[in-house]
Amino acid sequence: MAAQAASLAEQIPEPARETPLGLIFPAGFTWGAATSAYQIEGATTEDGRGDSVWDAFCREPGRVRNDDKGEPAADHYHRYPSDLDLMRELGLHSYRFSIAWPRVMPDGSGPVNQRGLDFYRRLVDGLCERGITPMATLFHWDLPQALQDQGGWESRDTAYRFADYAAAVFGALADDIPTWLTINEPKTVVQNGYLMGIHAPGFIDPEAAYAVAHHLALAHGLAVNEFRAATGTGRIGPAFNLHPTYPADNSDAARAAAHLHDGYENRLYLDPVFRGEYPEDVLADLGSGSRLAKAIQPGDLDVISSPVDLLAVQYYCPIYVDADREPVNRWPTSQAFWQQIYPQGLFDILTRVTRDYGPVPISITENGLPCYDELRDDGTIEDHARIAFLRDHFASAHQAIEAGVQLESYHVWSLLDNFEWQQGYAERWGLVYVDYVTQQRILKRSAQWYRDVIARNGI
Ligand code: FCB
């Protein structure tokens with residue numbers, strides 16, 4: 001397996017990989033790491049937590065590799081104090097995590113489960129005690145199953161239930177969390193959950209998918225408004241996975257296909273939030289009778305475009321399409337079948353959003369690589385491919401800052417190895433290795449390298 005995974009990066013001799021490039025980031029640049037609730041917490045039936053769509057999806061045989069499920073995951077619900085110590089050991093400035101809706105409102109609506117909120121209170125207090133700034137995502141895909149049973153994101157009502165949940169969370173935690181993200185990667189819910197059916201709820205229903213896109217956008221806007229009503233401090237914004245989209249060749253047809261594809265990958269999510277409109281070409285391509293067109297009610301786009309304070313960008317790879325809008329692979333891939341390793345794409349997408357949507361403050365809230373990490377007999381994990389990947393992407397981010405992008409922070413995906421959705425535990429994305437049998441944590445070589453990057457604020 002390991003040999004099969006050897007990427008170009010792995011062939012670079014070790015000293016070249018780890019020699020500093022002499023790039024120093026601006027003073028005050030924030031370095032962090034990211035996780036999400038369902039992927040690390042475990043304790044799925046504890047302290048009154050309700051079922052989520054991912055619990056239900058994992059129970060369906062064959063949906064997730066090896067029929068894995070988010071239990072015990074990295075058992076973070078119980079081990080969070082030592083995980084917080086690990087974060088301090090790495091010198092993290094910021095920790096991005098998500099709050100599980102089914103812990104806070106087990107049925108998706110109705111009474112708040114105080115024990116669920118208390119967990120996040122303990123986590124936030126523990127971060128603050130260690131001098132680490134919390135950054136919270138309200139929704140990282142773990143929709144309460146009770147709401148799915150009533151139509152999930154296909155139902156407009158779910159957006160209003162999300163606003164109620166958000167208000168409850170803000171009431172409890174807003175004062176101590178300076179930065180909030182509303183919805184993690186709405187596009188992944190649309191594409192993986194409703195177009196390909198490989199994520200919960202596992203449907204293949206293109207019409208429904210775009211109604212879902214609208215209701216996720218509406219939910220975002222409603223939550224922003226709840227935030228403004230709840231607190232005068234703090235910042236809030238969306239978290240989008242953006243894919244720079246390029247034509248696979250120089251033909252006019254490929255260029256046109258790439259432009260439309262960019263609409264589906266990027267503008268469909270960015271335009272309503274930052275411009276108060278859906279992209280015309282995507283609306284036209286879907287057709288006037290589409291469920292997206294039908295889902296939009298008067299006033300919705302005003303809500304969706306309520307001003308935000310930042311844009312959270314998650315970058316993993318570019319997309320190349322040919323004249324038929326078929327994807328073409330250009331760059332080395334990774335263990336993740338969908339990934340192509342192209343650091344320059346990060347520069348391209350950061351400068352592009354700054355150019356097209358104004359000088360909005362940007363945080364990178366996810367970027368990373370799965371590696372075939374192996375715990376050696378001497379207790380080390382030599383994940384040099386991850387170091388090379390991160391170094392090259394940090395360099396691309398640095399180049400974007402020099403070009404005028406207001407990039408404030410960088411969160412590596414992920415702090416810990418975790419439950420990687422339909423891949424279960426087969427893909428390891430962490431800076432820190434998790435032995436799932438003993439739940440022991442071991443710093444990978446990349447974690448040690450990242451600690452040095454943070455300490456010198458550069459690569
Ligand atoms: C992103 C998800 C995150 C993780 C990484 C690898 O799309 O937001 O939870 O699965 O991919």
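Order of listing sets the numbers, starting from 1, for every ligand and every atom in it. The basis for the numbers below is simple: all heavy atoms, side chains too, and nothing from hydrogens, waters or symmetry mates.
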Among all the protein's non-hydrogen atoms, which is closest to atom 1 (C) of ligand 1, and how far away is it?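 In this structure, atom 1 (C) of ligand 1 has E366 OE1, 3.1 Å as its nearest protein heavy atom.
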For atom 7 (O) of ligand 1, grab the closest protein heavy atom and report residue, atom and distance to one decimal in Å.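 Looking at atom 7 (O) of ligand 1, the protein heavy atom closest to it is E185 OE1, 2.6 Å.
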Within the 6.0 Å centroid threshold, strictly below: F119 and Y80: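 When the ring centroids of F119 and Y80 are compared, they turn out to be within the sub-6.0 Å range.
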So that I know where these two stand, are W31 and F25 an aromatic pair - ring centroids less than 6.0 Å apart?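 Yes, the ring of W31 comes within the 6.0 Å limit of the ring of F25, centre to centre.
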By number and element, which atoms of ligand 1 are closer than 4.0 Å to a non-hydrogen atom of Q39?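 Here the atoms of ligand 1 in question are 3 (C), 4 (C), 9 (O), 10 (O).
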Sub-4.0 Å atoms of ligand 1 with respect to non-hydrogen atoms of N184: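 With N184 as reference, the close atoms of ligand 1 come out as 8 (O).
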Who's closest to atom 5 (C) of ligand 1 heavy-atom-wise, of Y316, W421, W141?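 Minimum heavy-atom distance to atom 5 (C) of ligand 1 goes to Y316.
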When you compare ligand 1 with H140, is there at least one nitrogen or oxygen pair between them that comes in under 3.5 angstrom?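 Between H140 and ligand 1 (N or O atoms, distance only) the closest approach is under 3.5 Å.
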Nitrogen or oxygen of E420 less than 3.5 angstrom from that of ligand 1: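 So ligand 1 has an N or O lying under 3.5 Å from an N or O of E420.
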Under a 4.0 Å N-O cut-off, is there an ion pair linking K444 with D417?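 Counted as a salt bridge, because a side-chain N and a carboxylate O are separated by less than 4.0 Å.
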Is it true that R352 and D356 have a side-chain N and a carboxylate O under 4.0 angstrom from each other?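 Counted as a salt bridge, because a side-chain N and a carboxylate O are separated by less than 4.0 Å.
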Give every residue pair that meets the side chain to side chain donor-acceptor pair (under 3.5 Å) criterion with at least one member in residues 213-223, sequence neighbours excluded.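 Non-adjacent pairs meeting side chain to side chain donor-acceptor pair (under 3.5 Å): T182-H220, H214-Y278, H214-D300.
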Looking at F419, is its backbone amide N or carbonyl O close enough to the side chain of Q39 to form a donor-acceptor pair, meaning the two atoms are under 3.5 Å apart?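 Pair found, side chain donor or acceptor close to backbone of F419.
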